[in-house]
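Numbers restart at 1 for each chain; the letters A, B, ... are given by sequence-line order, proteins then strands.
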2 protein chains.
Amino acid sequence: MTRPLTSAERALSALREMIMGGQLAPGARLGEVELADRLGVSRTPVREALSRLAAEGLVQVVPNRGARVATWTVAELEGVFDLRAVLEPRLTALAVPNARPADVDELDALARRMQEVGAPGPDQDLDALVPLNRAFHDRLVALAGHPALAAALAAAIHPPIVRRNFLTYDEESLRRSLGHHAEIVAALRAGDPDWARAVMTSHIANARAVMVRAARLQTTATATPEEETA
Amino acid sequence: MTRPLTSAERALSALREMIMGGQLAPGARLGEVELADRLGVSRTPVREALSRLAAEGLVQVVPNRGARVATWTVAELEGVFDLRAVLEPRLTALAVPNARPADVDELDALARRMQEVGAPGPDQDLDALVPLNRAFHDRLVALAGHPALAAALAAAIHPPIVRRNFLTYDEESLRRSLGHHAEIVAALRAGDPDWARAVMTSHIANARAVMVRAARLQTTATATPEEETA
DNA sequence: TCCGGAGAAGTTGCATGCAAGGTAGGGCCG
DNA sequence: CGGCCCTACCTTGCATGCAACTTCTCCGGA
């Protein structure tokens, strides 16, 4: 049975979703009253949520001057992928001995579903990939059973993006990426940590190449520091 | 010129210091009114500080039931050192090419000072080691110039301890630990990243052995779940 | 025309008050 | 005598109000 969430918690996850989902662009101003109105609560829980998001790195707060959705530079983005390249393969290897058949089946289902909705053609639905991808990686993190590693990874990944960015994958990279998921499932089934680790290393490298290219394009395209609220 | 801190920020760092400094024992209850009185502010900034500390993992908050200083198990502690063993040597290697002579001199001074106050004898002052040690490691983190890695490390290290724990070092381990600092300085001066990385690896392994042993003793000693506020 | 400053409008920071939820103690019933 | 429930107290969650700070605008002077 799930405990009724507090207003602050709802505000927190609502804001997180808005930012992660791209409805709130990086650099967008986050006025307390506006958010409070939109979420149907007072400023107090909104302030608490913003505070926590700032601690997570999703939001930047300057005292007396309000909060904005965090922005990042290409260098920061590369730093994040540096780190993912160290942590995630390790985490994947850890997951191997802990994965029970049921877990593997679940990951398998996610990987297959991603291949379906990601396949080029009229039924392709890139937006649907985002939650599936998150589910896949979250499941893997949970299987690793290493809270400290998970916390470190979360701290590093949150600030930037990783989401709504399947939009930026070119066809070949996307096919590679989806193939990696399936291959990780295979490695899990085979119980081979080294295999799993290697695939995840490739997976991150592939994602890194895509993201960095996209970020470069984006920053050159938007020379104007955008000032939008929604 | 430094901007005047807000009450919430002061509450945040005050609480962080109290927890890190050991004045607030793990598991200690953190009543909002009591803290507000002690810090001379209202409950609002205290709540904000607690919220952020919860995001950092230093305190645990249960809705409607208040906040407590976070506790950790031996397994969690080992997980943290696992992670440090991966991240900190890497970070140290990164610092090598960025260290200018002035930086090295500064680290050298810290390392020497630690050797002085840590030397066995009547002048030994283990409490003084804590801030020096933090300064040394923080300096190294800054030199690495890798914000994402720093964030990940901070996220992983915060929850547990690392501080006020020179108290638990036996004489030999302490001498080793202080020696490592000096050796890292030497590696920086020599401009040898591999050397620096290796020393840091040893440094973490040494600390890990000490901490895990101390944690084991502590948990067996305190079978009673302590319930102190100060 | 451009720069500087005074004023006003809008925001944030914090304190306080009230209501809801939780906890502890005592009395009642089995 | 033991267990349960009810009550009173305490704590947290949130809304609201006010003061301080920022920023935008408008006006006068160079």
Could I get a table of every N or O pair under 3.5 Å where one atom is in the protein and the other is in nucleotides 16-21 of chain C?
unit_1 : atom_1 : unit_2  : atom_2 : d
C/dT16 : O4     : B/Thr44 : OG1    : 3.4

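Comment: B/Glu56 engages B/Arg16 in a salt bridge, judged by a side-chain N to carboxylate O separation of less than 4.0 angstrom. Under 4.0 Å is where a charged nitrogen must lie from a carboxylate oxygen, and between A/Arg52 and A/Glu48 no such pair does. Look at A/Arg134 and A/Glu17 and you find a salt bridge, because one of the NZ, NE, NH1 or NH2 atoms lies within 4.0 Å of a carboxylate O, short of that distance.
When the nearest nucleotides of DNA chain D are assigned to A/Arg65 and A/Gly40 by heavy-atom distance, the more 5′-ward of the two goes with A/Gly40.
When distances run from any side-chain atom of A/Ala8 to the nucleotides C/dT11, C/dC14, D/dC14, the shortest one goes to D/dC14. Out of D/dG13, C/dC14, C/dA15, the shortest distance to the side chain of B/Arg47 is found at D/dG13.
Rounded to whole Å, the distance from CG on A/Asp37 to C1' on C/dT11 is 14 Å. Residue A/Leu5 contributes atom CG, which lies 13 Å from atom P of D/dG13 at whole-angstrom precision. Rounded to an integer number of Å, the gap from CZ of A/Arg68 to P of D/dT22 is 15 Å. Rounded to whole Å, the distance from CG on A/Leu50 to P on C/dT11 is 14 Å. Atom P of nucleotide D/dT22 and atom CD of A/Glu32 are separated by 15 Å, given to the nearest angstrom. In this entry the distance linking CZ of B/Arg52 with P of C/dG13 reads 11 Å, nearest Å. In this entry the distance linking CG of B/Leu35 with P of D/dT11 reads 12 Å, nearest Å. Between the CD atom of A/Glu34 and the P atom of C/dT12 there is a distance of 10 Å, given to the nearest Å.
Residue B/Ser7 places at least one side-chain N or O closer than 4.0 Å to OP1 or OP2 of C/dC14. For the pair B/Arg29 and D/dT12, the criterion of a side-chain N or O lying under 4.0 Å from OP1 or OP2 is met.
Once rounded to the nearest 0.5 Å, the distance linking CG of B/Asp103 with CG of B/Leu188 reads 9.0 Å.
Panel note: side chain A/Ser177, backbone A/Ser173; no donor-acceptor pair is recorded below 3.5 Å.
Residues passing the ring-ring contact (aromatic ring centres under 6.0 Å, His included) test with B/His203, sequence neighbours excluded: B/His137, B/His180, B/His181.
Smallest separation of non-hydrogen atoms from B/Leu94 and B/His146: CD1-CD2, 3.8 Å.
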